[in-house]
Amino acid sequence: MKADSGAAAPTAWARQRERSNRWLLLLMRWLALTLGRRAARVLLHPIVCWFVLDPETRRHSARYLSRALARPATWGDVYRHLHTFSSTVLDRVYLLQERFDEFRFTASGADTILVPFARGDGVLAFGAHLGSFEALRMIGHEKGLRVAMIMYEDNARLINETLAALAPKSELRTIALGRVDAMLALRRWLHEGGVAGLLADRTLAANSQRSRSVALPFLGVPALFPDGPFRLAAMLRRKVVFMAGLYRGGRDYDLRFVELADFGHLGANGPTDAAERDAAIRAGVERYVATLEALCREAPYNWFNFYDFWADADRSPSPDPAA
């Protein structure tokens, strides 16, 4: 497969706003803080049942799960998928309020971030809509990491609104791309040893002149991934680490860190030509997709893209466990 010759086109998820229900978020926050985590989790079941009965949500969940599980997805699989998603949303309330005693976590590969942090070197941490980004706060709190999220302005606005509904007193550092001072703010943050996080599994219409869609095999079918995050990393000459907080059920999270690329060597021995830079960027994207695919197979119920992720590359009918 090769990179698309043009800029990344708007995709289905960008044309369709993600479902957000402020009333529901406020209700979950009230339940979480009034009843406690154990009782609030019981009330997730009717919410999950409502989503399972929605044909579109069920269809997209089943399409993904059938590929991740390498077998036809069942109603039970879809229910578990949506329950995992709902559980991580509920847990955001506690994690954003730093109530880490409610959870247990293990971490592997953390030195990929902790060692540069100890030297005062900033790192770019690329995640996905996989598990819980907020779960990473547990190791950040323990080790004193300074983390900011890189977002496009519209996404930053939505995240801040959601955060205000879930945990109004929580502080989330964001660097909004598209603003005049965004690159200066990002360079300064990394120069001061901060970690800058970005979810890199969705193509974006914004800033398309600096990003192309790369078609790569993902769970057995070609899918489009943006190379813009890795172009950003190459421009800043920074190390890139994959990050994920996998939900394992109950109160357990498994934090994963995998080094994807180190662009600090680009230009170390003189100017880097475009071919060398593009090859390094392509290798980073390929390693990102391979890492994401491996984790989706290992923890299939943790991936939360409830839309036709393969729409631009595969037009086959979506499976439905009800069919």
Within a strict 4.5 Å, meaning less than it, do heavy atoms of the [X] and [Y] side chains meet?
X: Leu136; Y: Phe257; answer: yes
X: Leu236; Y: Met183; answer: yes
X: Leu295; Y: Trp303; answer: no
X: Phe304; Y: His81; answer: yes
X: Arg256; Y: Thr291; answer: no
X: Phe117; Y: Lys143; answer: no
X: Leu186; Y: Leu232; answer: yes
X: Leu114; Y: Leu145; answer: yes

Problem - Leu124/Leu198 under side chain to side chain contact (heavy atoms under 4.5 Å, CB included): CA gap, chis, key distance, verdict - result: CA-CA 8 Å; Leu124 288 166; Leu198 173 67; over 6 Å; no

Scan the side chains in residues 41-48 for donor-acceptor partners under 3.5 Å anywhere in the protein, sequence neighbours excluded, and list what turns up.
residue, atom, partner, partner atom, Å
Arg41, NH1, Ser87, OG, 3.4
Arg41, NH1, Tyr247, OH, 2.9
Arg41, NH2, Tyr247, OH, 3.3
His45, ND1, Tyr79, OH, 2.5

Problem - Residues, nucleotides or ligands: over 12 heavy atoms within 6.0 Å of Arg80 CZ - result: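 At most 12 heavy atoms, drawn from other residues, nucleotides or ligands, come within 6.0 Å of this atom.
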
Exercise for the section: Check the surroundings of atom CZ in Arg119: do more than 12 heavy atoms from other residues, nucleotides or ligands lie under 6.0 Å from it? Expected result: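 Yes, enclosed.
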
Looking only at heavy atoms, what is the nearest atom pair of [X] and [Y], with distance?
X: Lys239; Y: Pro116; result: NZ-CG, 4.0 Å
X: Asp77; Y: Leu65; result: O-CD1, 3.5 Å
X: Ala32; Y: Tyr94; result: O-OH, 2.8 Å
X: Ile175; Y: Ala182; result: CG2-O, 3.8 Å
X: Tyr64; Y: Pro300; result: OH-O, 2.7 Å
X: Arg248; Y: Ala299; result: NH1-CB, 3.7 Å

Problem - Phe105/Phe100 aromatic ring centres below 6.0 Å - result: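 Between Phe105 and Phe100, the centre distance exceeds or equals 6.0 Å.
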
Practice task
Kindly state whether the ring of His83 and the ring of Tyr301 have centres lying under 6.0 angstrom apart.
Solution key: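 Between His83 and Tyr301, the centre distance exceeds or equals 6.0 Å.
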
Look at [X] together with [Y] and state whether they make a salt bridge at an N to O cut-off of under 4.0 Å.
X: Arg251; Y: Asp91; result: no
X: Arg282; Y: Glu286; result: yes
X: Glu134; Y: Arg99; result: no

When rounded to the nearest 0.5 angstrom, what is the spacing between [atom1] in [X] and [atom2] in [Y]?
X: Arg63; Y: Phe309; atom1: CZ; atom2: CZ; value: 12.0 Å
X: Phe263; Y: Arg238; atom1: CZ; atom2: CZ; value: 13.0 Å
X: Asn305; Y: His129; atom1: CG; atom2: NE2; value: 6.0 Å
X: Thr88; Y: Leu246; atom1: OG1; atom2: CG; value: 11.0 Å
X: Thr112; Y: Asp262; atom1: OG1; atom2: CG; value: 11.5 Å
X: Met138; Y: Arg104; atom1: CE; atom2: CZ; value: 11.5 Å

So, [X] side chain and [Y] main chain: donor-acceptor pair closer than 3.5 Å or not?
X: Thr57; Y: Asp54; answer: no
X: Arg58; Y: Val52; answer: yes
X: Ser66; Y: Ala73; answer: yes

Does [X] share a hydrophobic cluster with [Y], counting links as ILVMFWY side-chain heavy atoms below 4.5 Å and allowing steps through other members?
X: Ile150; Y: Leu184; result: no
X: Trp50; Y: Val89; result: yes
X: Phe85; Y: Trp75; result: yes

Handout entry: Test side chain to side chain contact (heavy atoms under 4.5 Å, CB included) applied to Tyr288 and Leu216, Asp227, Asp201, Val240, the passing residue
Key =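 Checked Leu216, Asp227, Asp201, Val240 against Tyr288; only one passes side chain to side chain contact (heavy atoms under 4.5 Å, CB included): Asp201.
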
Practice task
Report the C-alpha separation of Leu95 and Glu102 in whole Å, then their side-chain angles, then the decisive distance to 0.1 Å, and conclude whether the side chain to side chain contact (heavy atoms under 4.5 Å, CB included) test is met.
Solution key: CA-CA 9 Å; Leu95 291 167; Glu102 301 269 359; over 6 Å; no

Practice task
Would you please test Phe225 and Phe218 for ring pair (Phe, Tyr, Trp, His ring centres under 6.0 Å) and show each step?
Solution key: CA-CA 10 Å; Phe225 290 85; Phe218 179 60; 5.4 Å; yes

Exercise for the section: Please report the C-alpha distance between Phe51 and Phe306 in whole Å, then the side-chain angles of each, then the deciding distance to 0.1 Å, and finally whether the ring pair (Phe, Tyr, Trp, His ring centres under 6.0 Å) criterion is met. Expected result: CA-CA 11 Å; Phe51 279 110; Phe306 296 104; 8.1 Å; no

Exercise for the section: Evaluate side chain to side chain contact (heavy atoms under 4.5 Å, CB included) for Met235 paired with Arg231, printing each intermediate quantity in order. Expected result: CA-CA 6 Å; Met235 182 175 64; Arg231 291 189 178 279; over 6 Å; no

Handout entry: side chain to side chain contact (heavy atoms under 4.5 Å, CB included) evaluation trace for Leu219 with Arg297
Key = CA-CA 8 Å; Leu219 298 175; Arg297 293 197 184 279; 3.8 Å; yes

